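Following: one structure in structure tokens, then a few remarks.
As the structure lists them, so they are numbered: ligands from 1, and atoms in each ligand from 1. Just so it is clear, the structure is predicted and the values come from calculations on it, not from any experiment.
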Amino acid sequence: MLHDLSPLSLAQSLLRCPSVTPEEGGALAFIESVLKEAGFEVHRPVFSEPGTPDVENLYARYGKGEPYLLFAGHTDVVPPGDVSRWQYDPFSGEIHGGELYGRGAVDMKGGIACMMAGALDFIRHNPDFKGSIGFLITGDEEGPAVNGTVKLLEWAKGRGERFSHCILGEPTNPNQLGDMIKIGRRGSLTGKIVVEGKQGHVAYPHLADNPIPGMMRLLDGLLKEPLDRGTDHFDASNLEVTTVDVGNPAANVIPAEARATFNIRFNDLWTPHSLEAEIERRLREAAGNTVRYALTVEPTNAVAFLTPPNAFVGFIADAIRAETGSQPKLSTTGGTSDARFIVKYCPVVEFGLVGQTMHQIDERVAVADLDRLAVIYRKVLDAYFAA
Ligand SMILES: [Zn+2]
């Protein structure tokens with residue numbers, strides 16, 4: 001059977017697959033059949049890890065030479081929530097008022113449909129182009145993210161695959177298609193502080209040691225000075241204290257200990273290691289000889305990275321401008337994404353649909369945006385393989 005390769009039809013087929021993490025839901029099988037029909041070599045590795053569900057993934061390649069442009073993304077989606085609150089069934093792919101509804105419409109089955117439509121259109125017109133186009137699609141982005149992109153990249157490397165550049169199709173535009181390309185992401189680091197005191201009666205404070213003033217001094221020491229002032233491409237790193245806990249229900253008891261948690265979203269002036277050293281320095285200074293405390297920093301794989309605005313970023317910005325008339329902002333804002341794993345293998349840039357309804361009830365995408373994003377990807381391929 002020959003598939004309808006319009007971005008809308010591909011997106012509808014994907015939305016009808018109930019692929020809530022970690023379920024494959026038929027989504028990867030659909031992509032496999034479409035890509036095979038177009039001449040791709042397709043693999044479907046399944047990865048496991050004790051304590052996490054097995055996850056299916058997909059890797060596909062067309063062509064043998066270089067340069068090798070990789071499209072990356074995920075077919076898994078977050079749960080729909082209360083289905084009765086959706087205007088239309090979240091897994092039916094219905095169109096109303098020029099918009100396609102469904103869980104994953106923008107995050108990111110719609111984006112994958114556009115990548116496929118753009119790539120297949122390019123290949124149809126340039127079957128013997130010099131280079132390769134690939135797809136690296138995981139079913140484990142919205143979940144624990146253990147059996148997905150990280151292992152898929154290692155697996156591909158083990159097969160000798162070498163990527164030149166990657167486009168990750170996450171929804172990067174805040175309001176309109178063409179608003180924003182992400183050329184990097186901040187890192188994330190979480191730490192916990194425990195200040196030790198001695199429990200006692202409030203009327204006999206000399207027999208006790210209240211940990212709360214000590215915690216206040218430590219937190220003040222952490223927050224007093226900004227971590228940095230930002231860079232050309234990044235906002236200033238930000239430390240947020242997310243909770244302070246004593247858990248003391250009694251007004252006449254001095255508590256035994258105080259706990260606090262903080263999270264830092266940091267730019268590429270820092271590594272998790274250098275940041276941890278700075279936190280330790282600030283706490284040591286604030287504590288002096290009087291505050292007894294312990295710091296634990298959680299291991300993180302969310303390291304800040306930047307893909308410098310080079311020719312590759314230029315191809316994408318040019319294609320966006322040609323199709324939408326907008327000059328996209330080159331941004332490093334937002335949370336972490338799988339780009340932090342991909343960047344260890346090749347430069348990666350993120351551009352996809354408009355993110356406004358992602359993870360929401362009535363997630364939806366303008367049908368016109370699907371068509372335009374597919375054209376943008378096609379134009380990127382034209383420029384990339386002509387260069
Ligand atoms: Zn996503």
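E170 has its closest N, O or S atom to the Zn ion (ligand 1) at the position named OE1.
A donor-acceptor pair under 3.5 Å links the side-chain atoms of S132 to the main chain of G65, judged by distance alone. Remark: side-chain polar atoms of R282 are paired, donor with acceptor, to backbone N or O of E225 under 3.5 angstrom.
The minimum heavy-atom distance between C166 and L69, with the atom names listed, is N-CD1, 4.3 Å.
For a distance bound of 2.8 Å, the N, O or S atoms of D107 include one lying that close to the Zn ion (ligand 1). Contact annotation: E142 places no N, O or S atom under 2.8 Å from the Zn ion (ligand 1).
Inspection of the D245 and T243 side chains reveals an N or O donor paired with an N or O acceptor under 3.5 Å.
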